There are 2 protein chains.
Amino acid sequence: MSSDRTDVIGRRRRATVKDVANEAGVSRGTVSRVLNGQPYVSDEAREAIEAAIAKVGFVPNRAARSLVMQSSQAIGLIVHEPHSLFVEDPNIGSILLGANAALSEADYQLSFMIADTTRDIERLARYLSGGLIDGVIIVSARVGDPITRAIADLGLPAAFVGHPRDIGDAAYVAIDNRGAAREITRRLMDTGRSRIGMIASALDRDSGSDRLAGFVDALGSRFDPQLVEPVPLYSYSDGQAGMRALLERAPDIDGVFASSDAVAAGAMDVLQAAGRVIPDDVGIVGFDDSSWALRCDPPLSTVHQPADELGRAAAESVLRQLRGEDPGNGGRVLDCPVVWRDSA
Amino acid sequence: MSSDRTDVIGRRRRATVKDVANEAGVSRGTVSRVLNGQPYVSDEAREAIEAAIAKVGFVPNRAARSLVMQSSQAIGLIVHEPHSLFVEDPNIGSILLGANAALSEADYQLSFMIADTTRDIERLARYLSGGLIDGVIIVSARVGDPITRAIADLGLPAAFVGHPRDIGDAAYVAIDNRGAAREITRRLMDTGRSRIGMIASALDRDSGSDRLAGFVDALGSRFDPQLVEPVPLYSYSDGQAGMRALLERAPDIDGVFASSDAVAAGAMDVLQAAGRVIPDDVGIVGFDDSSWALRCDPPLSTVHQPADELGRAAAESVLRQLRGEDPGNGGRVLDCPVVWRDSA
DNA sequence: TTGAAAGCGCTAACAA
DNA sequence: TTGTTAGCGCTTTCAA
């Protein structure tokens with residue numbers, strides 16, 4: 001029955017509303033009222049309570065609050081991506097920052113979780129079901145992704161960044177990969193290139209297959225399947241490999257659409273090593289407008305992805321769903337302008 | 001008093017232990033026992049409960065569990081870094097992955113949080129105090145960082161990645177920036193360079209000032225302050241700027257230690273644009289062994305940072321503290337080998 | 001304007 | 001081996 005707040009081993013126990021109430025000489029209910037900024041608290045009471053809070057160093061226990069409120073003021077951002085890809089992806093950082101900014105403004109905590117292994121996915125699913133997260137933003141989900149299923153089962157407010165085909169009518173924010181690919185390919189044509197190829201990454205993802213579709217759209221009847229080289233990832237080394245294959249198959253190639261800036265950088269290095277000068281002999285364009293683009297020599301023409309806006313918009317969607325202002329379905333497509341530099 | 005689990009608007013309420021108990025015809029205590037794998041449960045009871053759990057789709061509420069257990073099985077990884085830097089940092093992703101792997105194995109959830117603005121810091125401090133996080137890993141803290149203070153005040157189990165001078169005897173995992181800088185500088189000397197300069201980033205951080213210290217160590221009496229150019233960040237553009245300044249001040253420079261690979265890449269481009277051939281005219285080395293290093297032409301000699309190991313070791317430290325196996329003080333320094341390629 | 005009391009979903013001590 | 005009960009720290013009726 002000790003009234004000082006130390007535990008068995010003499011460590012200071014954390015203060016609770018009860019301690020504050022005792023200290024201020026009021027009831028817990030009143031303390032709770034000032035904590036939540038509710039009306040009907042006298043000035044004296046409020047002042048006494050505020051002083052008591054400062055004195056005992058009270059910080060509300062969120063688990064307790066979450067339990068009673070059935071909400072946690074935290075939303076998760078899930079990246080489902082095996083190891084290496086996550087580290088290399090030029091967009092994830094910006095998406096994260098954009099989402100964080102929006103949530104921060106609404107006083108929500110962003111909790112970022114990576115699903116790397118199968119075990120991660122299970123633990124994550126349990127975690128999400130646990131009520132410690134009010135909603136989720138899902139980045140880079142694939143078709144058939146177990147995370148997607150888990151979230152649907154839970155009925156958690158969610159927004160996808162990107163648009164895998166099997167998310168039903170869930171909310172999503174995406175860019176128009178197909179349209180942008182079409183546009184940039186067209187400008188490649190307009191500058192007089194006649195043998196235009198593509199290094200096409202990640203055809204198992206919506207982003208990858210959409211970019212290819214846009215490429216095909218633009219070329220129309222001039223499309224030659226011989227000039228597209230599929231590669232697994234949006235990586236520099238896949239860019240090198242893809243370009244080598246293309247060069248061998250079509251030495252007269254004079255334009256290439258690389259499905260990412262990293263791929264373009266790899267392709268460019270191979271091209272230059274083979275003695276081609278860019279953009280004179282061959283024009284090359286990328287996708288992402290990441291730091292790779294400016295590192296290239298000549299700097300890369302590419303498609304700008306508003307990655308931070310994607311994160312922000314997804315966060316806002318979840319927030320609206322939480323407020324009940326949004327049924328949480330339907331998508332939003334963000335503009336992504338082509339930026340012309342010197343590589344084509 | 002309705003016994004079906006639907007709320008006022010007909011939405012399905014989440015099942016609780018009580019629902020499971022009713023369904024299985026046992027008490028909540030028994031359900032709790034099987035949930036936590038405790039002994040003294042009959043096979044019949046266990047089977048009935050497992051069936052009931054599956055039937056009603058029960059998932060434990062973690063807020064409730066956290067409340068009573070005073071722990072949440074989640075640990076936070078905090079990155080305190082303004083915007084742009086976070087996105088560009090080549091190590092953070094790997095640190096995150098390493099930490100996640102270690103925590104995942106121990107069935108802990110990693111929750112990653114960025115502190116970007118002052119407001120973020122406040123919200124974060126409140127969040128951490130809330131009992132939803134059992135411990136933290138802090139990445140890229142600076143001296144005098146308010147986050148550091150908040151954590152110390154809270155007495156949360158913590159481990160730092162890196163070693164700001166003011167963390168007292170808190171646990172940390174770091175690399176020997178000074179030793180590695182010394183070593184790589186020495187090899188630059190051994191290959192016969194006589195006018196060796198340094199582009200020194202982030203002197204306000206331990207990593208930056210330690211690298212400079214190592215550089216000075218190695219050069220000894222041959223150190224010439226005229227040949228070090230301080231720049232704010234570990235970035236490509238600061239590498240360019242730094243190199244330009246150095247070149248102007250000392251056109252006869254024949255060796256440069258860039259404090260990161262990105263800096264080295266910028267420096268290399270400036271050097272080559274000025275007609276210097278690498279490594280013949282000037283040798284250059286970097287730090288990080290990031291993707292920049294291989295993209296340079298010639299590929300960059302650099303210091304390999306075991307970033308994922310840093311994350312893993314920090315996570316393990318926090319886990320040990322949580323188990324009471326470790327007082328949570330003292331540091332661990334990881335090896336970071338020099339990797340020699342062709343730039344020096 | 002305030003206090004008392006019930007209860008969020010769970011675990012753990014105690015009895016049976 | 002099991003059920004009962006008392007909380008964990010908070011919010012929120014309901015009365016006063």
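Values in this document were obtained by computation on a predicted structure and should not be read as measured data.
- Looking at heavy-atom distances under 4.0 Å, A/A63 makes no contact with the nucleic acid at all.
- Nucleic acid contact class of B/P39 (heavy atoms, under 4.0 Å, all strands): none.
- Two residues, A/Y40 and B/R33, neighbour DNA chain C, and the one matched to the more 5' nucleotide by heavy-atom proximity is A/Y40.
- As rounded to whole Å, 13 Å separates atom P of C/dC10 from atom CE of B/M69.
- Along DNA chain C, the nucleotide closest to B/V68 and the one closest to A/G29 are compared, and the more 5′ of them pairs with A/G29.
- Set against C/dT11, C/dT1, C/dC10, the side chain of A/S42 has C/dT1 as its closest nucleotide.
- With a cutoff of under 4.0 Å to any heavy atom of chain A, the contacted region of DNA chain D is bounded 5' to 3' by D/dG9 to D/dT13.
- Here the side chain of A/N36 pairs no donor or acceptor atom with the backbone of A/Q38 at under 3.5 angstrom.
- Salt-bridge annotation for A/R312 and A/E316: present, with a side-chain N of the basic residue lying under 4.0 Å from a carboxylate O of the acidic one.
- Listed for the B/R14 side chain is a donor-acceptor partner under 3.5 Å among the backbone atoms of B/V59.
- Taking the nucleotide of DNA chain D with the nearest heavy atom to each of B/T30 and A/P60, the more 5' of the two is matched to B/T30.
- To the nearest angstrom, C1' of C/dG9 lies 14 Å from CG of B/N22.
- An OP1 or OP2 oxygen of C/dG3 is reached within less than 4.0 angstrom by a side-chain nitrogen or oxygen of A/S27.
- Within 4.0 Å (heavy atoms only), B/Q38 reaches sugar-phosphate atoms of the nucleic acid but no base atom.
- Nearest heavy atom pair, residue B/D89 against residue B/I92, reads OD1-N, 3.3 Å.
- Protein atom CG of A/L67 is 9 Å distant from nucleotide atom P of C/dC10, rounded to whole Å.
- At a threshold of 4.0 angstrom between heavy atoms, the contacts of A/R62 with the nucleic acid are absent.
- In this structure, the CG atom of B/N36 is 7 Å from the C1' atom of C/dT11, given to the nearest Å.
- Remark: B/K55 does not engage B/E50 in a salt bridge, criterion side-chain N to carboxylate O under 4.0 Å.
- Between the CG atom of B/D19 and the C1' atom of C/dG9 there is a distance of 10 Å, rounded to whole Å.
- For A/Y172 and A/F160, the gap between ring centers reaches or exceeds 6.0 Å.
- Within 4.0 Å of A/S32, counting heavy atoms only, lies at least one base atom of the nucleic acid.
- Computed from coordinates, the A/E47 CD to C/dT2 P distance equals 12 Å when rounded to whole Å.
- Per the geometry, CZ belonging to A/R46 stands 11 Å off C1' belonging to C/dT1, to the nearest Å.
- Heavy atoms of A/V41 sit under 4.0 angstrom from primed sugar atoms or phosphate atoms, though from no base atom.
- Between B/D107 and A/R119 there is a salt bridge, since a side-chain N of the basic residue sits under 4.0 Å from a carboxylate O of the acidic one.
- The CZ-C1' distance, from B/R14 to C/dC10, rounds to 12 Å in whole Å.
- Inspection of the A/S94 and A/N91 side chains reveals no N or O donor paired with an N or O acceptor under 3.5 Å.
- Among the protein residues, B/R28 comes within range of the nucleic acid bases, having at least one heavy atom under 4.0 Å from a base atom.
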